[in-house]
There are 2 protein chains.
Amino acid sequence: MSDPDQTPVRRGRPGYAREQILEIAVQVFIEQGYDATSVASLASRLGLSKSALYHHFASKEEVLEVALDEALGGLEGVLNGVGDGSARDRLEHVLRGAVLVLVDKLAYVTLLLRVRGNSDVERAALERRRAFDRTVTALVRAAQAEGTVRSDIDPSVATRLLFGMVNSIVEWYRPSGGEGAPELARDVLAVALNGLAKP
Amino acid sequence: MSDPDQTPVRRGRPGYAREQILEIAVQVFIEQGYDATSVASLASRLGLSKSALYHHFASKEEVLEVALDEALGGLEGVLNGVGDGSARDRLEHVLRGAVLVLVDKLAYVTLLLRVRGNSDVERAALERRRAFDRTVTALVRAAQAEGTVRSDIDPSVATRLLFGMVNSIVEWYRPSGGEGAPELARDVLAVALNGLAKP
DNA sequence: GTCTATAGACCGATAGAC
DNA sequence: GTCTATCGGTCTATAGAC
(Lines give C-alpha, C1' and ligand atoms only; values in the text may rest on other atoms or scores of the structure.)
Protein backbone atom coordinates (compact mmCIF):
# COMPACT_ATOMS: atom_id res chain seq x y z
CA MET A 1 0.00 0.00 0.00
CA SER A 2 1.83 3.04 -1.29
CA ASP A 3 -0.63 5.70 -0.21
CA PRO A 4 -3.50 4.43 1.91
CA ASP A 5 -4.76 7.94 2.61
CA GLN A 6 -5.42 8.78 -0.98
CA THR A 7 -9.03 8.51 -2.04
CA PRO A 8 -9.33 6.13 -4.97
CA VAL A 9 -9.95 7.95 -8.24
CA ARG A 10 -13.69 8.31 -8.82
CA ARG A 11 -14.65 7.22 -12.30
CA GLY A 12 -17.90 7.26 -14.17
CA ARG A 13 -20.85 9.53 -13.59
CA PRO A 14 -20.40 11.77 -10.55
CA GLY A 15 -22.78 11.38 -7.63
CA TYR A 16 -22.93 10.32 -4.03
CA ALA A 17 -20.25 8.20 -2.46
CA ARG A 18 -21.41 5.49 -0.07
CA GLU A 19 -20.06 7.31 2.98
CA GLN A 20 -21.87 10.53 2.13
CA ILE A 21 -25.14 8.68 1.81
CA LEU A 22 -24.44 6.85 5.05
CA GLU A 23 -23.78 10.05 6.94
CA ILE A 24 -27.01 11.69 5.84
CA ALA A 25 -29.01 8.50 6.27
CA VAL A 26 -27.84 8.18 9.87
CA GLN A 27 -28.87 11.75 10.49
CA VAL A 28 -32.34 11.04 9.13
CA PHE A 29 -32.61 7.82 11.15
CA ILE A 30 -31.79 9.76 14.29
CA GLU A 31 -34.32 12.46 13.52
CA GLN A 32 -37.22 10.23 12.49
CA GLY A 33 -36.29 6.88 13.95
CA TYR A 34 -35.08 3.98 11.80
CA ASP A 35 -38.41 2.18 11.55
CA ALA A 36 -40.35 5.37 10.92
CA THR A 37 -38.04 6.33 8.05
CA SER A 38 -39.26 5.03 4.71
CA VAL A 39 -36.82 4.38 1.91
CA ALA A 40 -38.77 6.86 -0.16
CA SER A 41 -38.39 9.66 2.40
CA LEU A 42 -34.73 8.80 2.83
CA ALA A 43 -34.16 8.97 -0.91
CA SER A 44 -36.04 12.24 -1.14
CA ARG A 45 -33.94 13.70 1.67
CA LEU A 46 -30.86 12.70 -0.30
CA GLY A 47 -32.30 14.19 -3.46
CA LEU A 48 -32.15 10.75 -5.03
CA SER A 49 -34.58 8.25 -6.42
CA LYS A 50 -35.09 5.03 -4.50
CA SER A 51 -33.39 2.99 -7.17
CA ALA A 52 -30.32 5.20 -7.06
CA LEU A 53 -30.16 4.65 -3.33
CA TYR A 54 -30.46 0.91 -3.87
CA HIS A 55 -27.47 1.13 -6.17
CA HIS A 56 -25.34 1.96 -3.13
CA PHE A 57 -26.98 -0.26 -0.53
CA ALA A 58 -28.69 -3.59 -0.98
CA SER A 59 -31.43 -2.75 1.50
CA LYS A 60 -32.54 -0.24 4.07
CA GLU A 61 -31.30 -2.66 6.68
CA GLU A 62 -27.83 -2.74 5.15
CA VAL A 63 -27.59 1.01 5.67
CA LEU A 64 -28.33 0.43 9.33
CA GLU A 65 -25.89 -2.46 9.52
CA VAL A 66 -22.99 -0.47 8.08
CA ALA A 67 -23.77 2.47 10.35
CA LEU A 68 -23.87 0.31 13.48
CA ASP A 69 -20.64 -1.40 12.41
CA GLU A 70 -18.97 2.00 12.23
CA ALA A 71 -19.87 2.69 15.84
CA LEU A 72 -19.11 -0.80 17.12
CA GLY A 73 -15.83 -0.96 15.22
CA GLY A 74 -14.73 2.26 16.85
CA LEU A 75 -15.55 1.02 20.33
CA GLU A 76 -13.94 -2.38 19.77
CA GLY A 77 -10.85 -0.63 18.43
CA VAL A 78 -10.44 0.98 21.82
CA LEU A 79 -10.29 -2.45 23.44
CA ASN A 80 -7.67 -3.63 20.96
CA GLY A 81 -5.33 -0.70 21.56
CA VAL A 82 -5.50 -1.14 25.30
CA GLY A 83 -1.88 -2.08 25.87
CA ASP A 84 -0.57 -4.13 28.79
CA GLY A 85 -0.44 -1.84 31.80
CA SER A 86 -2.21 -2.39 35.10
CA ALA A 87 -5.92 -3.10 35.06
CA ARG A 88 -6.44 0.41 36.37
CA ASP A 89 -4.43 1.89 33.50
CA ARG A 90 -6.28 -0.22 30.98
CA LEU A 91 -9.63 0.81 32.45
CA GLU A 92 -8.67 4.47 32.19
CA HIS A 93 -7.61 3.92 28.60
CA VAL A 94 -10.91 2.29 27.72
CA LEU A 95 -12.99 5.01 29.35
CA ARG A 96 -11.05 7.81 27.68
CA GLY A 97 -11.04 5.98 24.36
CA ALA A 98 -14.79 5.38 24.53
CA VAL A 99 -15.45 9.07 25.11
CA LEU A 100 -13.23 10.02 22.18
CA VAL A 101 -14.86 7.52 19.83
CA LEU A 102 -18.28 8.61 20.97
CA VAL A 103 -17.52 12.22 20.14
CA ASP A 104 -15.74 11.36 16.91
CA LYS A 105 -18.55 9.14 15.65
CA LEU A 106 -21.33 10.92 17.50
CA ALA A 107 -24.18 10.20 15.09
CA TYR A 108 -23.24 6.56 14.58
CA VAL A 109 -23.00 5.88 18.30
CA THR A 110 -26.25 7.74 18.88
CA LEU A 111 -27.94 5.41 16.44
CA LEU A 112 -26.34 2.40 18.08
CA LEU A 113 -27.61 3.42 21.49
CA ARG A 114 -31.17 3.64 20.21
CA VAL A 115 -31.23 0.12 18.85
CA ARG A 116 -33.77 -2.06 20.66
CA GLY A 117 -33.34 -5.41 18.92
CA ASN A 118 -36.25 -5.33 16.47
CA SER A 119 -34.44 -7.33 13.78
CA ASP A 120 -31.52 -9.69 13.28
CA VAL A 121 -29.23 -6.81 12.42
CA GLU A 122 -30.23 -4.96 15.58
CA ARG A 123 -29.90 -8.05 17.73
CA ALA A 124 -26.42 -8.73 16.33
CA ALA A 125 -25.41 -5.17 17.17
CA LEU A 126 -26.78 -5.56 20.70
CA GLU A 127 -24.79 -8.75 21.10
CA ARG A 128 -21.58 -6.98 20.05
CA ARG A 129 -22.36 -4.27 22.57
CA ARG A 130 -22.86 -6.87 25.27
CA ALA A 131 -19.54 -8.48 24.38
CA PHE A 132 -17.90 -5.08 24.74
CA ASP A 133 -19.56 -4.65 28.13
CA ARG A 134 -18.40 -8.08 29.26
CA THR A 135 -14.80 -7.22 28.41
CA VAL A 136 -15.01 -3.98 30.35
CA THR A 137 -16.67 -5.73 33.27
CA ALA A 138 -13.78 -8.20 33.37
CA LEU A 139 -11.42 -5.24 33.40
CA VAL A 140 -13.23 -3.69 36.35
CA ARG A 141 -13.09 -7.02 38.16
CA ALA A 142 -9.36 -7.27 37.51
CA ALA A 143 -8.84 -3.76 38.83
CA GLN A 144 -10.74 -4.70 41.97
CA ALA A 145 -8.54 -7.77 42.35
CA GLU A 146 -5.36 -5.73 42.04
CA GLY A 147 -6.76 -3.33 44.63
CA THR A 148 -6.98 -0.16 42.54
CA VAL A 149 -10.76 -0.08 42.30
CA ARG A 150 -13.19 -0.26 45.22
CA SER A 151 -14.56 -3.74 45.78
CA ASP A 152 -17.82 -2.84 47.50
CA ILE A 153 -19.65 -2.44 44.20
CA ASP A 154 -20.53 -5.29 41.89
CA PRO A 155 -18.28 -5.03 38.80
CA SER A 156 -21.23 -5.43 36.47
CA VAL A 157 -23.17 -2.65 38.19
CA ALA A 158 -20.07 -0.46 38.22
CA THR A 159 -19.52 -1.00 34.49
CA ARG A 160 -23.12 -0.18 33.69
CA LEU A 161 -22.97 3.01 35.73
CA LEU A 162 -19.70 4.05 34.11
CA PHE A 163 -20.96 3.49 30.60
CA GLY A 164 -24.32 4.96 31.45
CA MET A 165 -22.41 8.14 32.17
CA VAL A 166 -20.27 7.86 29.04
CA ASN A 167 -23.11 6.95 26.70
CA SER A 168 -25.33 9.73 27.96
CA ILE A 169 -22.95 12.16 26.31
CA VAL A 170 -24.69 11.60 22.98
CA GLU A 171 -27.81 13.17 24.45
CA TRP A 172 -26.32 16.60 24.86
CA TYR A 173 -22.79 16.97 23.50
CA ARG A 174 -22.45 19.05 20.36
CA PRO A 175 -18.99 19.56 18.82
CA SER A 176 -19.45 23.28 18.25
CA GLY A 177 -18.59 25.42 21.23
CA GLY A 178 -18.07 24.31 24.80
CA GLU A 179 -15.54 21.68 25.68
CA GLY A 180 -13.54 19.68 23.18
CA ALA A 181 -13.40 15.91 23.33
CA PRO A 182 -10.14 15.66 25.33
CA GLU A 183 -11.47 18.00 28.04
CA LEU A 184 -14.71 16.06 28.18
CA ALA A 185 -12.80 12.80 28.52
CA ARG A 186 -10.79 14.31 31.36
CA ASP A 187 -14.01 15.31 33.16
CA VAL A 188 -15.49 11.86 32.71
CA LEU A 189 -12.34 10.21 34.05
CA ALA A 190 -12.30 12.58 36.99
CA VAL A 191 -15.91 11.90 38.01
CA ALA A 192 -15.76 8.18 37.27
CA LEU A 193 -12.58 7.49 39.20
CA ASN A 194 -12.34 10.18 41.87
CA GLY A 195 -15.93 11.34 42.18
CA LEU A 196 -17.48 14.75 42.23
CA ALA A 197 -16.80 15.40 45.91
CA LYS A 198 -13.83 17.59 46.72
CA PRO A 199 -10.84 15.40 47.60
CA MET B 1 -57.29 12.90 52.98
CA SER B 2 -58.24 10.38 55.67
CA ASP B 3 -56.96 7.24 54.00
CA PRO B 4 -55.05 7.84 50.80
CA ASP B 5 -54.19 4.15 50.41
CA GLN B 6 -57.77 3.00 50.24
CA THR B 7 -59.10 2.50 46.75
CA PRO B 8 -62.38 4.38 46.27
CA VAL B 9 -65.42 2.14 46.00
CA ARG B 10 -65.90 1.06 42.38
CA ARG B 11 -69.47 1.38 41.15
CA GLY B 12 -71.16 0.51 37.88
CA ARG B 13 -70.03 -1.97 35.28
CA PRO B 14 -66.68 -3.48 36.21
CA GLY B 15 -63.75 -2.78 33.94
CA TYR B 16 -60.37 -1.19 33.78
CA ALA B 17 -59.43 1.60 36.10
CA ARG B 18 -57.57 4.45 34.49
CA GLU B 19 -54.33 3.52 36.24
CA GLN B 20 -54.45 -0.06 35.03
CA ILE B 21 -54.92 1.08 31.47
CA LEU B 22 -52.15 3.58 31.90
CA GLU B 23 -49.74 0.97 33.19
CA ILE B 24 -50.32 -1.41 30.30
CA ALA B 25 -50.35 1.39 27.75
CA VAL B 26 -46.96 2.61 28.94
CA GLN B 27 -45.63 -0.91 28.61
CA VAL B 28 -46.86 -1.08 25.03
CA PHE B 29 -45.43 2.36 24.23
CA ILE B 30 -42.06 1.21 25.50
CA GLU B 31 -42.14 -2.00 23.50
CA GLN B 32 -43.35 -0.55 20.19
CA GLY B 33 -42.59 3.12 20.52
CA TYR B 34 -45.28 5.73 21.11
CA ASP B 35 -45.62 6.85 17.50
CA ALA B 36 -45.59 3.31 16.17
CA THR B 37 -48.42 2.27 18.49
CA SER B 38 -51.83 2.68 16.91
CA VAL B 39 -54.86 3.20 19.12
CA ALA B 40 -56.30 0.03 17.62
CA SER B 41 -53.31 -2.08 18.62
CA LEU B 42 -53.30 -0.48 22.04
CA ALA B 43 -56.97 -1.31 22.55
CA SER B 44 -56.46 -4.84 21.32
CA ARG B 45 -53.58 -5.33 23.73
CA LEU B 46 -55.87 -4.18 26.52
CA GLY B 47 -58.64 -6.46 25.31
CA LEU B 48 -60.80 -3.38 24.85
CA SER B 49 -62.58 -1.74 21.99
CA LYS B 50 -61.32 1.62 20.85
CA SER B 51 -64.47 3.30 22.13
CA ALA B 52 -64.02 1.73 25.58
CA LEU B 53 -60.47 3.04 25.63
CA TYR B 54 -61.66 6.49 24.63
CA HIS B 55 -64.05 6.38 27.56
CA HIS B 56 -61.03 6.56 29.87
CA PHE B 57 -58.78 8.87 27.86
CA ALA B 58 -59.67 11.66 25.49
CA SER B 59 -56.87 10.79 23.10
CA LYS B 60 -53.76 8.69 22.61
CA GLU B 61 -51.78 11.80 23.41
CA GLU B 62 -53.57 12.22 26.73
CA VAL B 63 -52.38 8.76 27.73
CA LEU B 64 -48.85 9.88 27.01
CA GLU B 65 -49.36 13.14 28.83
CA VAL B 66 -50.60 11.47 32.01
CA ALA B 67 -47.78 8.93 31.88
CA LEU B 68 -45.11 11.59 31.48
CA ASP B 69 -46.67 13.60 34.28
CA GLU B 70 -46.36 10.58 36.54
CA ALA B 71 -42.61 10.44 35.91
CA LEU B 72 -42.04 14.18 36.06
CA GLY B 73 -44.16 14.56 39.18
CA GLY B 74 -42.06 11.95 40.92
CA LEU B 75 -38.81 13.65 40.01
CA GLU B 76 -40.07 17.11 40.93
CA GLY B 77 -41.29 15.71 44.23
CA VAL B 78 -37.70 14.87 45.07
CA LEU B 79 -36.73 18.52 44.63
CA ASN B 80 -39.56 19.65 46.90
CA GLY B 81 -38.61 17.35 49.76
CA VAL B 82 -34.99 18.44 49.64
CA GLY B 83 -34.88 20.10 53.05
CA ASP B 84 -32.48 22.86 54.06
CA GLY B 85 -29.14 21.24 54.73
CA SER B 86 -25.87 22.07 53.02
CA ALA B 87 -25.77 22.08 49.23
CA ARG B 88 -23.81 18.84 49.44
CA ASP B 89 -26.51 17.22 51.57
CA ARG B 90 -29.24 18.46 49.28
CA LEU B 91 -27.38 17.15 46.23
CA GLU B 92 -27.05 13.73 47.84
CA HIS B 93 -30.75 13.78 48.66
CA VAL B 94 -31.65 14.62 45.08
CA LEU B 95 -29.43 11.92 43.62
CA ARG B 96 -30.71 9.25 45.97
CA GLY B 97 -34.30 10.40 45.51
CA ALA B 98 -33.96 10.35 41.73
CA VAL B 99 -32.69 6.77 41.79
CA LEU B 100 -35.55 5.71 44.03
CA VAL B 101 -38.18 7.41 41.88
CA LEU B 102 -36.62 5.96 38.76
CA VAL B 103 -36.86 2.45 40.16
CA ASP B 104 -40.31 3.00 41.64
CA LYS B 105 -41.75 4.40 38.41
CA LEU B 106 -39.41 2.55 36.09
CA ALA B 107 -41.71 2.29 33.08
CA TYR B 108 -42.92 5.88 33.31
CA VAL B 109 -39.41 7.27 33.55
CA THR B 110 -38.28 4.99 30.73
CA LEU B 111 -40.98 6.49 28.54
CA LEU B 112 -40.02 10.00 29.61
CA LEU B 113 -36.40 9.42 28.67
CA ARG B 114 -37.36 8.33 25.17
CA VAL B 115 -39.34 11.47 24.41
CA ARG B 116 -37.76 13.47 21.59
CA GLY B 117 -40.12 16.44 21.30
CA ASN B 118 -42.30 15.38 18.38
CA SER B 119 -45.43 17.10 19.68
CA ASP B 120 -46.56 19.82 22.07
CA VAL B 121 -47.05 17.29 24.84
CA GLU B 122 -43.54 15.94 24.33
CA ARG B 123 -42.02 19.39 24.14
CA ALA B 124 -43.77 20.39 27.36
CA ALA B 125 -42.35 17.30 29.06
CA LEU B 126 -38.86 18.10 27.78
CA GLU B 127 -39.17 21.61 29.15
CA ARG B 128 -40.10 20.28 32.59
CA ARG B 129 -37.09 17.98 32.42
CA ARG B 130 -34.87 20.92 31.54
CA ALA B 131 -36.26 22.89 34.48
CA PHE B 132 -35.40 19.95 36.73
CA ASP B 133 -31.87 19.89 35.30
CA ARG B 134 -31.46 23.61 35.84
CA THR B 135 -32.39 23.25 39.49
CA VAL B 136 -29.90 20.44 39.97
CA THR B 137 -27.22 22.39 38.13
CA ALA B 138 -27.78 25.30 40.50
CA LEU B 139 -27.38 22.87 43.37
CA VAL B 140 -24.07 21.59 42.00
CA ARG B 141 -22.91 25.17 41.59
CA ALA B 142 -23.85 25.95 45.18
CA ALA B 143 -21.96 22.90 46.40
CA GLN B 144 -18.92 24.05 44.46
CA ALA B 145 -19.25 27.48 46.06
CA GLU B 146 -19.42 26.03 49.56
CA GLY B 147 -16.35 23.94 48.76
CA THR B 148 -17.82 20.45 49.05
CA VAL B 149 -17.77 19.65 45.33
CA ARG B 150 -14.75 19.95 43.04
CA SER B 151 -14.74 23.17 41.05
CA ASP B 152 -12.63 22.05 38.10
CA ILE B 153 -15.67 20.70 36.25
CA ASP B 154 -18.38 22.88 34.77
CA PRO B 155 -21.54 22.46 36.90
CA SER B 156 -23.68 21.89 33.84
CA VAL B 157 -21.37 19.18 32.53
CA ALA B 158 -21.17 17.60 35.98
CA THR B 159 -24.96 17.54 36.28
CA ARG B 160 -25.34 15.96 32.87
CA LEU B 161 -22.79 13.29 33.68
CA LEU B 162 -24.43 12.56 37.02
CA PHE B 163 -27.90 12.23 35.55
CA GLY B 164 -26.57 10.37 32.57
CA MET B 165 -25.42 7.76 35.06
CA VAL B 166 -28.69 7.82 37.00
CA ASN B 167 -30.95 7.77 33.93
CA SER B 168 -29.06 4.92 32.32
CA ILE B 169 -30.41 2.68 35.06
CA VAL B 170 -33.67 2.32 33.12
CA GLU B 171 -31.72 0.53 30.40
CA TRP B 172 -30.81 -2.46 32.52
CA TYR B 173 -32.34 -2.43 36.01
CA ARG B 174 -35.08 -4.96 36.61
CA PRO B 175 -36.75 -5.15 40.03
CA SER B 176 -36.61 -8.94 40.26
CA GLY B 177 -33.35 -10.30 41.60
CA GLY B 178 -30.09 -8.47 42.05
CA GLU B 179 -29.88 -5.31 44.09
CA GLY B 180 -32.83 -3.48 45.56
CA ALA B 181 -33.36 0.21 45.00
CA PRO B 182 -31.68 1.39 48.23
CA GLU B 183 -28.51 -0.60 47.48
CA LEU B 184 -28.48 0.73 43.95
CA ALA B 185 -28.87 4.29 45.23
CA ARG B 186 -25.95 3.70 47.60
CA ASP B 187 -23.79 2.50 44.69
CA VAL B 188 -24.72 5.50 42.57
CA LEU B 189 -23.93 7.88 45.41
CA ALA B 190 -20.61 6.15 46.01
CA VAL B 191 -19.47 6.37 42.38
CA ALA B 192 -20.87 9.85 41.79
CA LEU B 193 -19.33 11.43 44.85
CA ASN B 194 -16.26 9.37 45.70
CA GLY B 195 -15.47 7.67 42.43
CA LEU B 196 -14.71 4.11 41.53
CA ALA B 197 -11.03 4.30 42.46
CA LYS B 198 -10.07 2.86 45.82
CA PRO B 199 -9.84 5.67 48.40
C1' DG C 1 -16.53 2.26 -25.20
C1' DT C 2 -16.30 1.74 -20.28
C1' DC C 3 -17.62 2.69 -15.98
C1' DT C 4 -20.61 4.39 -12.35
C1' DA C 5 -24.68 6.77 -10.73
C1' DT C 6 -29.29 7.79 -11.64
C1' DA C 7 -34.35 7.69 -12.97
C1' DG C 8 -38.89 5.73 -13.38
C1' DA C 9 -42.15 2.18 -13.90
C1' DC C 10 -43.58 -1.51 -11.41
C1' DC C 11 -44.03 -5.49 -8.10
C1' DG C 12 -46.39 -8.18 -4.01
C1' DA C 13 -47.36 -7.49 0.78
C1' DT C 14 -49.73 -5.18 4.35
C1' DA C 15 -51.15 -1.79 7.68
C1' DG C 16 -54.57 1.26 8.68
C1' DA C 17 -58.80 4.07 7.41
C1' DC C 18 -63.50 3.65 6.75
C1' DG D 1 -64.93 -6.74 6.21
C1' DT D 2 -63.09 -3.93 2.27
C1' DC D 3 -60.37 -0.87 0.15
C1' DT D 4 -56.49 2.07 -0.61
C1' DA D 5 -52.11 4.18 0.39
C1' DT D 6 -47.70 3.11 1.41
C1' DC D 7 -44.19 -0.06 2.39
C1' DG D 8 -39.47 -2.26 0.96
C1' DG D 9 -37.64 -3.81 -3.05
C1' DT D 10 -36.76 -5.07 -8.44
C1' DC D 11 -35.89 -4.37 -13.30
C1' DT D 12 -34.48 -1.95 -17.29
C1' DA D 13 -32.77 1.81 -19.45
C1' DT D 14 -30.05 5.97 -19.58
C1' DA D 15 -26.93 10.09 -18.31
C1' DG D 16 -22.57 11.72 -17.85
C1' DA D 17 -17.27 11.64 -16.96
C1' DC D 18 -13.07 9.74 -18.82
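Numbered from 1 within each chain, the chains take letters A, B, ... in sequence-line order.
Under the ring-ring contact (aromatic ring centres under 6.0 Å, His included) criterion, no residue pair touches residues 44-73 of chain A, with sequence neighbours excluded. Residue pairs meeting the side chain to side chain donor-acceptor pair (under 3.5 Å) criterion with at least one partner in residues 186-199 of chain B, sequence neighbours excluded, are absent. Sorted by first then second residue, the ring-ring contact (aromatic ring centres under 6.0 Å, His included) pairs that include residues 142-186 of chain B, not counting sequence neighbours, are B:F132-B:F163. Applying the side chain to side chain donor-acceptor pair (under 3.5 Å) test to residues at least two apart or on different chains, none of the pairs has a partner in residues 93-103 of chain A. Residue pairs meeting the side chain to side chain donor-acceptor pair (under 3.5 Å) criterion with at least one partner in residues 136-146 of chain A, sequence neighbours excluded, are A:T137-A:T159, A:E146-A:T148.
Residues satisfying the salt bridge (charged side-chain N to carboxylate O under 4.0 Å, His left out) criterion with B:D120, sequence neighbours excluded, are B:R123. Listed by chain and residue number, B:K105 satisfy the salt bridge (charged side-chain N to carboxylate O under 4.0 Å, His left out) test with B:E70 (two or more places apart in sequence, or in another chain). Taking the salt bridge (charged side-chain N to carboxylate O under 4.0 Å, His left out) definition, one finds that A:E76 meets it with A:R128, sequence neighbours left out. Considering only residues two or more places apart in sequence or on other chains, B:E127 meets the salt bridge (charged side-chain N to carboxylate O under 4.0 Å, His left out) condition with B:R130, B:R134.
Nucleotide D:dG8 holds its C1' atom 13 Å from the CG atom of A:D35, rounded to whole Å. Taking atom CG on A:L53 and atom C1' on D:dG8, their separation rounds to 11 Å, with Å as the unit.
Five base pairs at each end of the helix from C:dG1-D:dC18 to C:dC18-D:dG1 define two local axes, and these are offset by 30° (rounded to 10°).
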Chi angles and distances behind the salt bridge (Lys or Arg N to Asp or Glu O under 4.0 Å) call for A:R116, B:E171: CA-CA 10 Å; A:R116 300 284 164 209; B:E171 301 287 340; 3.1 Å; yes
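Taken residue by residue, residues 36-49 of chain A places heavy atoms nearer than 4.0 Å to DNA chain D at A:T37, A:S38, A:V39.
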Summary of protein contacts for nucleotides 10-18 of chain D, nucleotide by nucleotide, where a base hit scores B, a sugar-phosphate-only hit scores S (4.0 Å, heavy atoms): BB---BBS-
